[in-house]
Number of protein chains: 2
Amino acid sequence: MPFDLILNNLEKHIHLTREEQEIFTAYLQPKKIKRKQFLLTYGEVCKYSAFVTAGCLRGYTVDKSGIEHVLNFAPADWWIADMYSLISQKPGIQNIEALEDTDVLLLSKANQEKLYTQIPKFEHFFRILTENSLVASQQRLIDSLSLTAEERYNNFCKRYPTLIDHLPQKQIASYIGVTPEFFSRMKGEMVRKR
Amino acid sequence: MPFDLILNNLEKHIHLTREEQEIFTAYLQPKKIKRKQFLLTYGEVCKYSAFVTAGCLRGYTVDKSGIEHVLNFAPADWWIADMYSLISQKPGIQNIEALEDTDVLLLSKANQEKLYTQIPKFEHFFRILTENSLVASQQRLIDSLSLTAEERYNNFCKRYPTLIDHLPQKQIASYIGVTPEFFSRMKGEMVRKR
DNA sequence: GGCGGCACTTGATGTAGGTTAAGAAATTAA
DNA sequence: TTAATTTCTTAACCTACATCAAGTGCCGCC
């Protein structure tokens, strides 16, 4: 069943009847994104929340000197969107790109809002999802203010153990907020230490 | 009316009937916090969302070398809590302190959850509130990754014009993520430039 | 099967911001 | 009002990380 993963994901916080499941899945729009293709690019208005069923996406911004900053990775079973743009419906600041061939289910903003009124449980679900994102985002801010690059890397390894091996290490460098060169050196030093 | 401010705050996103307003305000617990007193301290479980009606609070963490990092300021008309602890009901990581004599209205987690089921509009309200916090938090992360201290200071001035004058500048330094010494030097250089 | 490009490494040098310290100015307390 | 604290400034020196540059390994592609 193509919807098993997403229905299970919902089930973590809310319980749906058969009927509600059908209403929900009817709103979803499957889409395939090839490696290096984009789900969303800078300046576009974000019209969908995306749920990854296979593969992996990355959301990132590009600063004015051209450096990319990875905001989040979204492997299977994760939601992703440019929240700023999705909420405000203004041109967004994120690029969302596939790191490998990826399958997503799209839920349009309009459909998402229909769900809120039709099935209030969805408002509950997305409130909790957003709360968890907020806590993660705050924690990452705290980490970036108070930890060294090496400590941030160790945290990353703990939090995303599955991602580490099959992610080019310049992506990890970008996520923890250092250059690929420094990251490479740092890894070397970490090995030498133990 | 002591509840005018908070009812107006709600009105930005949801409309309540007289009756609903009364149910809501009955759940609130007014509290006064003297300057330098704490609403919450590190290691405590956060049991309330707080709405500031007068004065100003700051939420901050202390890292392992004893440096304070301001996560947010909450002047009048703002909500504040240690979201990590409030959600998980585990010991928190934030201190929330009054920068001046401050009045808050406390909404306990239990009452907040009662509101969600009694008056679903509250789930809507807090979802939106949380979404906005998430966007702000993400933007701050992006800023801390891609802007210089000077640019972050300029952003701060734009976003919190009212706070600047009546906030000790070491608090601003902590918020933008530099030492008070560097902040002082930077300000000097900024004046010299123009 | 060779080659064009990308990911990674390594080295030399540069810089934003930190640390330490000590004095001046401003607030608070009494 | 004065004493006590806290905040702010200035200066010399330090460090984590960036930048630039050159070289190596590797994988996909005509």
Side-chain angles (χ1 to χ4, degrees), chain A residues 34-37 56 58 60 62-70 73 97-101 141-156 163-193, chain B residues 34-37 55-56 58 60 62-70 73 95 97-102 141 143-156 163-193:
Chain A
K34 285 232 161 288
R35 181 177 143 81
K36 301 204 175 176
Q37 296 300 104
C56 187
R58 70 187 257 258
Y60 68 94
V62 181
D63 69 25
K64 64 178 189 298
S65 38
I67 296 166
E68 295 180 1
H69 302 277
V70 174
F73 295 109
E97 181 202 19
L99 291 169
E100 49 193 274
D101 292 0
L141 181 65
I142 293 170
D143 288 358
S144 89
L145 291 170
S146 61
L147 301 182
T148 64
E150 198 168 323
E151 290 167 321
R152 273 175 276 144
Y153 174 56
N154 286 330
N155 278 357
F156 181 86
L163 286 181
I164 298 163
D165 331 303
H166 89 165
L167 214 58
Q169 77 183 36
K170 62 180 260 192
Q171 301 297 350
I172 301 175
S174 169
Y175 184 91
I176 69 170
V178 295
T179 57
E181 293 93 333
F182 182 79
F183 185 77
S184 168
R185 227 183 302 255
M186 190 184 83
K187 265 190 44 178
E189 275 159 30
M190 287 173 75
V191 171
R192 221 164 307 137
K193 268 191 222 164
Chain B
K34 284 231 161 288
R35 182 177 142 79
K36 300 203 174 177
Q37 296 301 105
C56 187
R58 70 187 255 256
Y60 67 95
V62 181
D63 69 27
K64 62 178 194 298
S65 38
I67 295 166
E68 295 180 1
H69 301 277
V70 174
F73 295 110
N95 297 288
E97 182 203 18
L99 291 168
E100 49 194 273
D101 293 0
T102 298
L141 181 65
D143 287 358
S144 90
L145 292 170
S146 61
L147 301 183
T148 64
E150 199 169 321
E151 291 167 320
R152 273 176 274 143
Y153 174 56
N154 287 329
N155 279 355
F156 181 86
L163 286 179
I164 297 161
D165 333 302
H166 88 167
L167 214 59
Q169 76 181 39
K170 62 180 263 197
Q171 302 297 350
I172 301 175
S174 169
Y175 184 91
I176 68 170
V178 295
T179 57
E181 294 90 337
F182 181 77
F183 185 75
S184 170
R185 195 193 319 174
M186 189 184 83
K187 264 190 43 178
E189 276 160 29
M190 288 173 74
V191 171
R192 221 165 306 136
K193 267 192 226 164

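Residue numbers begin at 1 in each chain, while the letters A, B, ... track the order of the sequences.
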Length of the line joining [X]:[atom1] and [N]:[atom2], which is rounded to integer Å:
X: A:Gln171; N: C:dC8; atom1: CD; atom2: P; result: 9 Å
X: A:Glu181; N: C:dA12; atom1: CD; atom2: C1'; result: 13 Å
X: A:Lys170; N: C:dA7; atom1: NZ; atom2: C1'; result: 7 Å
X: B:Asp63; N: C:dT19; atom1: CG; atom2: C1'; result: 14 Å
X: A:Phe182; N: C:dT9; atom1: CZ; atom2: P; result: 14 Å
X: B:Glu189; N: C:dT15; atom1: CD; atom2: P; result: 14 Å
X: A:Met186; N: D:dC17; atom1: CE; atom2: P; result: 8 Å
X: B:Ile67; N: C:dT19; atom1: CD1; atom2: P; result: 5 Å

Does [Y] offer a backbone N or O that forms a donor-acceptor pair with the side chain of [X] under 3.5 Å?
X: B:Asp63; Y: B:Ile67; value: yes
X: B:Arg58; Y: B:Phe73; value: no
X: B:Glu151; Y: B:Thr148; value: yes

Q: Mark yes or no for a side-chain to base donor-acceptor pair under 3.5 Å between B:Arg35 and D:dT6, with no hydrogen or angle criteria applied.
A: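 No such pair is found, so the answer is no.
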
Q: Mind checking A:Gln169 for me? I need base, sugar-phosphate or nothing, with any heavy atom below 4.0 Å counting as a touch.
A: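 The answer is sugar-phosphate, as A:Gln169 gets under 4.0 Å only of primed atoms, P, OP1 or OP2.
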
Q.
Is it the case that the side chains of A:Gln171 and A:Ser174 hold a donor-acceptor pair, with the cut-off being a distance below 3.5 Å and no angle test?
A.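 Short answer, no.
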
Q. Within the structure, does a side-chain N or O atom of A:Thr179 lie under 4.0 Å from either OP1 or OP2 of D:dC17?
A.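 So the side chain of A:Thr179 is outside the cut-off, no N or O lying under 4.0 Å from OP1 or OP2 of D:dC17.
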
Q. Hey, does the side chain of B:Arg152 come within less than 4.0 Å of C:dG17's phosphate (OP1/OP2), counting only N and O?
A.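 It does, given that an N or O in the side chain of B:Arg152 lies less than 4.0 Å from OP1 or OP2 of C:dG17.
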
Q.
I'd like to know if B:Lys34 and B:Asp101 make a salt bridge, using a cut-off of under 4.0 Å between side-chain N and carboxylate O.
A.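 Counted as a salt bridge, because a side-chain N and a carboxylate O are separated by less than 4.0 Å.
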
(Q) For B:Ser184 and A:Leu147, find the nucleotide of DNA chain D closest to each by heavy atoms; which residue's nucleotide sits nearer the 5' end? (A)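 Counting from the 5' end, the first nearest nucleotide belongs to B:Ser184.
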
Q: By nearest nucleotide on DNA chain D, pick out whichever of B:Arg185 and B:Leu167 is the more 5' one.
A: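 Nearest nucleotide further toward 5': that of B:Leu167.
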
